[in-house]
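One-based numbering, in listed order, for ligands and for the atoms of each. From a predicted model like this one, the values you see are computed outputs, not experimental measurements.
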Amino acid sequence: MALLQDILYKVSLRSVQGNMQVNVNDLQIDSRKISEGSAFIAIKGVHVDGHQYIDTAIEKGATAIICEQFPLSLKEGITYVQVENSGVAAGNMSHNFYGQPSEKLVLVGVTGTNGKTTIATLLYKLFTALGYKTGLLSTVQNQIGGEVLASTHTTPDAISVNALLKKMVDAGCTHAFMEVSSHAIDQHRISGLEFAGGIFSNITHDHLDYHKTFAEYLRVKKSFFDGLPTNAFAVSNQDDKNGSVMLQNTNAQKYFYSLRTLADFKGKILENGLLGLVMIIDEQEVHFRLIGEFNAYNLLAVYGAAICLHEDKHEVLRCLSVLSGAEGRFDYIVSPKERIIGIVDYAHTPDALVNVLTTIQKLRKGHEQIITVVGCGGDRDTAKRPVMGQEACDYSDRVIFTSDNPRSEDPNEIIKQMEEGLNTAAKRKFISIVDRKEAIKTALSLAKPEDIILIAGKGHEKYQEINGVKHHFDDKEVLMEMFELFGK
Ligand SMILES: CC(=O)N[C@H]1[C@@H](OP(=O)(O)OP(=O)(O)OC[C@H]2O[C@@H](n3ccc(=O)[nH]c3=O)[C@H](O)[C@@H]2O)O[C@H](CO)[C@@H](O)[C@@H]1O[C@H](C)C(=O)N[C@@H](C)C(=O)N[C@H](CCC(=O)O)C(=O)O
Ligand SMILES: Nc1ncnc2c1ncn2[C@@H]1O[C@H](COP(=O)(O)OP(=O)(O)OP(=O)(O)O)[C@@H](O)[C@H]1O
Ligand SMILES: N[C@H](CCC[C@H](N)C(=O)O)C(=O)O
Ligand SMILES: [Mg+2]
């Protein structure tokens, strides 16, 4: 519980009608979650305008309304606060309501098209291994020390972020690592948070359904770094075309990592195989369990951030060398009899798919076929579908197009779009099987001893979302079931 006036600290107000000294029991951006004595923040969303739920919120017990426009008629006994931007207000108000939790621990945000979960999870594991009680907000799961909480978003809404950070503070966490998605930046889910540092992984094609242009996607990602304070650090990828642009206007202390040129955190790959990576980092040779060049970048980002947080370099590398990555990222199993390698990976962008497939190509000894099972999510960027379709065929011997999470779309239509524009060579390699289980089964039936099967796009996900219903589905579980069924 807090005074409305206090939780409006730092919020840009336009006008107020009613009493600012009222107690607020709870803060909500969703009228469906309102209880007695709540404050309701009306946000203009992608689908509907929260302002149309103001009266419903009052009927359910809201006593304070925060909005960008006052309703035509104001109700007696209710405090109405007009703000410049409801999304930004939600961020700042949540921060105040939950007692400024981000200022009570070291909070580091990770942004970029690919690698956020891997980097944030590695940082969580690293700092836990270094002896700190640590929190994590990620696509796969949220963690408060050892306690695991289900995750619904890559970056939760402002209220949930602050509620979770408060739980971390109350549980004694000193550090928290969180993914910062472009949707979250754009929707101000991170407004008001005090970051000790920010990390940039890379930026490639994704989410153009939402951001419309690549320039806008880049601008949104960059605004995270523009907003960092002077005492924070910003660690960026020197080898990404936009790695420098990202930090161009930040006030934070700038650092770069690179595998190719001189940089604050310079790495070199000596070996890259199924057993992991051998790298030289800061003149020290280290063996890591993670696979592929893209993970060498993730490891450098993690190393750089740990050094910025004043951890001992030898200790950091020693702890990092034994860590595994995040669930469902290059997760592989070898079949017992025919030594077929099944890889489950979360590659759901063109860049990630090429990275994972080129990594697999480098791992093969020569004769093995690469069989890829891949789909694209519904209600998401449609432009990436034909690109991912072509790439899968370019880098594999056989490809099975299937469903990812169709959501509200017809999965056959999505597959059709993946097939569009395939070149002649690609057309000879693919078949389409809409049922994902059948697709994986077919991949197994095609596989000869020692072949490599990549099942891309869903990684750790334990469901398939079809028309608003999440049905249990686990790529790794199905893969193991098929290994057994075929006795391979
Ligand atoms: C497209 C998108 O990002 N949508 C997010 C957005 O919802 P929205 O703008 O569609 O909300 P809306 O339905 O238009 O409603 C507007 C407002 O009215 C309120 N409302 C609505 C109905 C009602 O009866 N009463 C009411 O008060 C809503 O609570 C909301 O505040 O704001 C909501 C609250 O924060 C999010 O839960 C929701 O995430 C949806 C479920 C989603 O799927 N988002 C994905 C795309 C996403 O955010 N992904 C990124 C990761 C992407 C990546 O990096 O790969 C993520 O961070 O998870
Ligand atoms: N640094 C990287 N560069 C390019 N691709 C990567 C990198 N790290 C991981 N990948 C690929 O991208 C996939 C997703 O990785 P990860 O889950 O770490 O990214 P993310 O940014 O958290 O994704 P999301 O936006 O869905 O939260 C991996 O399964 C792998 O195929
Ligand atoms: N965070 C990403 C996850 C995509 C995962 C993929 N399996 C899909 O459903 O498209 C998103 O919400 O766009
Ligand atoms: Mg993620």
For ligand 1, which atoms have a heavy atom of [X] less than 4.0 angstrom away?
{"X": "Gly50", "answer": "18 (O)"}
{"X": "Gly45", "answer": "9 (O), 14 (O), 16 (C)"}
{"X": "His207", "answer": "52 (C), 53 (C), 54 (O), 55 (O)"}
{"X": "Arg380", "answer": "43 (O), 45 (C), 46 (C)"}
{"X": "Lys116", "answer": "54 (O)"}
{"X": "Ser31", "answer": "23 (C), 24 (O), 25 (N), 26 (C), 27 (O)"}
{"X": "Phe40", "answer": "27 (O)"}

For [X], is at least one N or O under 3.5 Å away from an N or O on ligand 1?
{"X": "Asp157", "answer": "no"}
{"X": "Thr154", "answer": "yes"}
{"X": "Val46", "answer": "yes"}
{"X": "His153", "answer": "yes"}
{"X": "Gln187", "answer": "yes"}
{"X": "Ser181", "answer": "yes"}

I'd like to know if the side chain of [X] pairs up with that of [Y] as donor and acceptor (distance under 3.5 Å, no hydrogens or angles considered).
{"X": "Thr154", "Y": "Ser181", "result": "no"}
{"X": "Asn295", "Y": "Glu293", "result": "no"}
{"X": "Arg14", "Y": "Gln82", "result": "no"}
{"X": "Ser12", "Y": "Glu84", "result": "yes"}
{"X": "Lys458", "Y": "Asn405", "result": "yes"}
{"X": "Thr113", "Y": "Asp206", "result": "no"}
{"X": "Thr111", "Y": "Lys221", "result": "yes"}
{"X": "Thr117", "Y": "Thr139", "result": "yes"}

Nearest option to [atom], as decided by whichever heavy atom of [options] sits closest:
{"atom": "atom 14 (C) of ligand 2", "options": "Phe330, Phe294, Tyr297, Tyr346", "answer": "Tyr346"}
{"atom": "atom 31 (O) of ligand 2", "options": "Asp345, Asn114, Val356, Leu299", "answer": "Asp345"}
{"atom": "atom 8 (N) of ligand 2", "options": "Asn298, Ile343, Thr118", "answer": "Asn298"}
{"atom": "atom 49 (N) of ligand 1", "options": "Lys33, Glu465, His183", "answer": "His183"}

Ligand 2 contact on [X] by region, counting heavy-atom pairs under 4.0 Å:
{"X": "Ser201", "answer": "neither"}
{"X": "Asp206", "answer": "neither"}
{"X": "Thr139", "answer": "side chain"}

To 10 degrees, how wide is the angle OG1 (Thr139) to the Mg ion (ligand 4) to OG1 (Thr117)?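 My answer is 90°, to the nearest 10°.
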Using a strict 4.0 Å cut-off to heavy atoms of Asn202, name the atoms of ligand 2 that fall inside it.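 Ligand 2 atoms under the 4.0 Å threshold to Asn202: 1 (N), 2 (C), 3 (N), 4 (C).
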Shortest non-hydrogen contact from Leu323 toward Lys125: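 Scanning both residues, the minimum pair turns out to be CD1-CB, 3.7 Å.
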Do the ring planes of Phe200 and Phe225 sit parallel (below 30°), tilted (30 to 60°) or perpendicular (above 60°)?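 Answer is perpendicular, since the angle exceeds 60°.
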Can you tell me how far apart OH (Tyr53) and CD1 (Ile43) are? Round to the nearest 0.5 Å.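 Going from the OH atom of Tyr53 to the CD1 atom of Ile43 covers 13.5 Å.
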Interatomic spacing from OG in Ser182 to CD in Glu216 - rounded to 0.5 Å: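 If we round to the nearest 0.5 Å, Ser182:OG and Glu216:CD are 10.0 Å apart.
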Test of ring centre spacing under 6.0 Å for [X] and [Y]:
{"X": "Phe177", "Y": "Phe127", "value": "yes"}
{"X": "Tyr210", "Y": "His183", "value": "yes"}
{"X": "His460", "Y": "Tyr346", "value": "yes"}

Protein non-hydrogen atom below 4.0 angstrom of atom 33 (C) of ligand 1 present: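 It does not: no protein heavy atom is found less than 4.0 Å away from atom 33 (C) of ligand 1.
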Can you confirm whether some protein heavy atom lies under 4.0 Å from atom 7 (O) of ligand 1, or whether none does?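 Answer no: nothing from the protein, no heavy atom, is under 4.0 Å.
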Taking the side chain as every heavy atom from C-beta outward, state whether Arg260 and Lys268 have any pair of such atoms under 4.5 Å apart.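 Side chain of Arg260 against side chain of Lys268, heavy atoms only: no contact under 4.5 Å found.
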Out of curiosity, is Thr113 lining ligand 2, as in a heavy atom under 4.0 Å away?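 Under 4.0 Å: yes for Thr113.
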side-chain contact (heavy atoms from CB on, under 4.5 Å) partner of Met168, the single match among Leu107, Thr134, Leu137, Asn142: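 Of the listed residues Leu107, Thr134, Leu137, Asn142, the side-chain contact (heavy atoms from CB on, under 4.5 Å) partner of Met168 is Leu137.
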Just to check, does Glu179 reach to within less than 4.0 Å of ligand 1 when the distance is taken from its heavy atoms?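 No; Glu179 lies far enough from ligand 1 that no heavy-atom distance drops under 4.0 Å.
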May I ask you to identify the nearest protein heavy atom to [atom], giving residue, atom name and distance to one decimal place in Å?
{"atom": "atom 17 (C) of ligand 1", "value": "Ile43 O, 3.4 Å"}
{"atom": "atom 21 (C) of ligand 1", "value": "Arg32 NH2, 3.5 Å"}
{"atom": "atom 15 (O) of ligand 1", "value": "Val48 CG2, 3.3 Å"}

Using a 4.0 Å heavy-atom cut-off, which part of His47 comes near ligand 1: side chain, backbone, both, or neither?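 Both of them.
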Restricting to N, O or S atoms, which atom of Glu179 is closest to the Mg ion (ligand 4)?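 It is OE1, the N, O or S atom of Glu179 closest to the Mg ion (ligand 4).
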